[in-house]
2 protein chains.
Amino acid sequence: MLIEATGRDTASLFAALGDRTRLSLLTKLSDGKTRSIAGLSAGTDLTRQAVTKHLRVLEEAGLVISSKVGRESQFAFRPEPIDEIRAYLDSVSQQWGDALSRLQAFVET
Amino acid sequence: MLIEATGRDTASLFAALGDRTRLSLLTKLSDGKTRSIAGLSAGTDLTRQAVTKHLRVLEEAGLVISSKVGRESQFAFRPEPIDEIRAYLDSVSQQWGDALSRLQAFVET
DNA sequence: CATAAGGGCAACCTCCGGGTTGCCCTTACT
DNA sequence: AGTAAGGGCAACCCGGAGGTTGCCCTTATG
């Protein structure tokens with residue numbers, strides 16, 4: 001199936017990563033440890049609410065998953081969407097590589 | 001780490017890719033062929049101006065480069081930033097991988 | 001030369017994203 | 001029991017992103 005170049009929600013995935021705060025949250029969580037909202041807000045100059053909103057964005061993008069444990073909700077990294085991004089990058093750079101090859105073949109002919 | 005002039009931070013790179021229109025423009029250009037603004041606007045329901053703005057964003061992110069040829073400005077794909085994105089993804093999934101390894105080691109102990 | 005094609009610039013509009021504050025509910029702790 | 005900690009919800013503010021329109025300049029093309 002020759003996918004349409006721009007995968008359905010690839011853009012929203014990139015968009016979810018297109019924010020320093022979210023990128024930082026995701027980086028923290030990428031160590032596999034689970035963290036609460038308060039835990040993730042600590043050390044930040046942001047409000048809990050702000051962090052909450054960012055986490056929701058990450059969750060809707062599938063980059064993070066949450067579950068309530070007692071009175072707090074624990075967030076965990078979810079690596080699957082990363083592969084989708086890699087797939088897009090690969091498709092783009094493969095096209096580019098092909099173009100280079102053809103160019104080189106042309107020059108060498 | 002010295003940042004190259006055209007190099008932006010990772011978040012803005014992701015942000016530049018976090019838009020369907022830009023993603024589509026970039027995908028078209030990733031075949032290595034050069035295109036004018038009018039050429040990229042054709043077939044789109046967008047105004048030339050809209051496309052121009054998007055191209056500027058892509059250019060500031062270093063994902064595209066432009067040069068004036070006669071009365072038109074030609075845009076070309078620029079693959080370097082893609083590597084920066086890959087680097088981030090790798091760092092994140094490596095941390096994740098390490099976490100999995102430690103977990104497995106713990107279980108097997 | 002006259003005119004169309006390709007673009008740049010600037011003003012303007014609308015809407016959403018990031019962030020805050022205030023209030024209230026539930027869960028833990030002593 | 002009483003209180004503090006963790007969070008959800010909703011309202012609100014502000015700035016910038018995406019898009020348009022209008023005008024003008026430059027370069028091709030007849």
Side-chain angles (χ1 to χ4, degrees), chain A residues 5-6 8-29 33-78 81, chain B residues 8-29 33-78 81:
Chain A
T6 55
R8 244 291 262 139
D9 43 17
T10 305
S12 359
L13 254 179
F14 279 119
L17 295 172
D19 179 280
R20 289 186 112 77
T21 303
R22 285 196 293 269
L23 220 47
S24 143
L25 288 174
L26 200 68
T27 304
K28 288 182 188 171
L29 286 174
K33 295 178 186 170
T34 239
R35 283 171 182 82
S36 70
I37 296 182
L40 286 168
S41 307
T44 308
D45 57 343
L46 290 176
T47 311
R48 259 190 15 242
Q49 300 306 323
V51 174
T52 300
K53 284 193 179 181
H54 284 299
L55 286 173
R56 241 192 264 290
V57 173
L58 288 174
E59 186 168 23
E60 283 176 8
L63 286 161
V64 131
I65 192 176
S66 74
S67 58
K68 278 191 181 171
V69 178
R71 78 179 155 186
E72 50 188 30
S73 49
Q74 293 289 332
F75 284 80
F77 178 63
R78 190 168 166 279
Chain B
R8 289 297 180 191
D9 59 295
T10 309
S12 5
L13 254 179
F14 279 119
L17 295 172
D19 179 280
R20 291 197 148 67
T21 303
R22 285 196 292 270
L23 220 46
S24 145
L25 289 173
L26 201 68
T27 304
K28 287 182 188 171
L29 286 174
K33 296 179 186 171
T34 239
R35 284 172 182 81
S36 71
I37 296 182
L40 286 168
S41 307
T44 308
D45 58 342
L46 290 176
T47 310
R48 255 189 324 107
Q49 300 305 323
V51 174
T52 299
K53 284 192 179 182
H54 283 300
L55 286 173
R56 240 190 265 290
V57 174
L58 288 175
E59 186 168 23
E60 284 177 8
L63 286 161
V64 132
I65 193 176
S66 74
S67 59
K68 278 190 180 171
V69 178
R71 76 179 157 186
E72 50 187 31
S73 48
Q74 294 288 331
F75 284 80
F77 179 63
R78 190 167 167 281

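In the text below, chain A, chain B and the rest are named by the order of the sequence lines, each starting its count at 1.
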Check: Thr47(A) side chain N/O closer than 4.0 Å to the phosphate oxygens (OP1, OP2) of dG19(C)?
Finding: no
Next item on the list: List the steps, then state whether side chain to side chain contact (heavy atoms under 4.5 Å, CB included) holds for Leu63(A) with Leu13(A).
Entry: CA-CA 8 Å; Leu63(A) 286 161; Leu13(A) 254 179; 4.0 Å; yes
Next item on the list: Grab the CG-C1' distance between Asp19(B) and dG16(D) for me, whole Å please.
Entry: 14 Å
Notebook entry, point to check: If you measure only the distance, is there a donor-acceptor pair under 3.5 Å linking the side chains of Glu59(B) and Ser66(B)?
Noted result: yes
Item checked: Main-chain N/O of His54(A) paired to Arg22(A) side chain as donor or acceptor, under 3.5 Å -> no
Item checked: Phosphate contact (dG6(D) OP1 or OP2) by Ser73(A) side-chain N/O below 4.0 Å -> no
Note to self: Just to be sure I understand the rule, does Ala38(B) reach a base, reach only the sugar-phosphate, or reach nothing, if contact means heavy atoms closer than 4.0 Å?
What the structure shows: sugar-phosphate
Note to self: For a quick check of understanding: with a heavy-atom distance under 4.0 Å over all strands, which category does Glu72(A) fall into, base, sugar-phosphate or nothing?
What the structure shows: sugar-phosphate
Margin query: Expressed as a whole number of angstroms, how long is the span from Arg20(A):CZ to dG17(C):C1'?
Written below: 17 Å
Check: Choosing from dA4(D), dT20(D), dA5(C), which nucleotide comes nearest the side chain of Arg71(A)?
Finding: dA4(D)
Margin query: Measure CZ/Arg48(B) against P/dT21(D) and give the value in whole Å, please.
Written below: 12 Å
Next item on the list: To the nearest Å, give me how far apart NE2 (His54(A)) and C1' (dG18(C)) are.
Entry: 6 Å
Next item on the list: Check if the side chain of Lys68(B) and the base of dG7(C) share a donor-acceptor pair of N or O atoms closer than 3.5 Å.
Entry: no
Notebook entry, point to check: Below 3.5 Å, does any donor atom in the side chain of Lys53(A) face an acceptor in the base of dG19(C), or the other way round?
Noted result: yes
Next item on the list: Check every strand shown and say whether Arg22(A) touches a base, only sugar-phosphate, or nothing at a heavy-atom separation below 4.0 Å.
Entry: sugar-phosphate
Note to self: What's the closest nucleotide to the side chain of Thr52(B) if the choices are dG19(C), dG18(D), dG8(C)?
What the structure shows: dG8(C)
Next item on the list: Would you mind reading off the distance between Glu60(A) atom CD and dG18(C) atom P, rounded to a whole angstrom?
Entry: 12 Å
Next item on the list: Take atom CG of Leu55(B) and atom P of dA17(D), then tell me their distance rounded to the nearest Å.
Entry: 16 Å
Margin query: Quick one: does any side-chain atom of Asp9(A) pair with a main-chain N or O of Ser12(A) as donor and acceptor, under 3.5 Å?
Written below: no
Next item on the list: Please state how far atom CD in Gln74(A) lies from atom P in dG8(D), giving the value in whole angstrom units.
Entry: 12 Å
Margin query: Under 4.0 Å from OP1 or OP2 of dG7(C): is there any side-chain N or O of Ser36(B) that close?
Written below: yes
Notebook entry, point to check: What's the CD-P distance between Gln49(A) and dC12(D), to the nearest Å?
Noted result: 16 Å
Next item on the list: Would you check if the side chain of Arg78(B) reaches a backbone N or O of Gly62(B) as a donor-acceptor pair within less than 3.5 Å?
Entry: yes
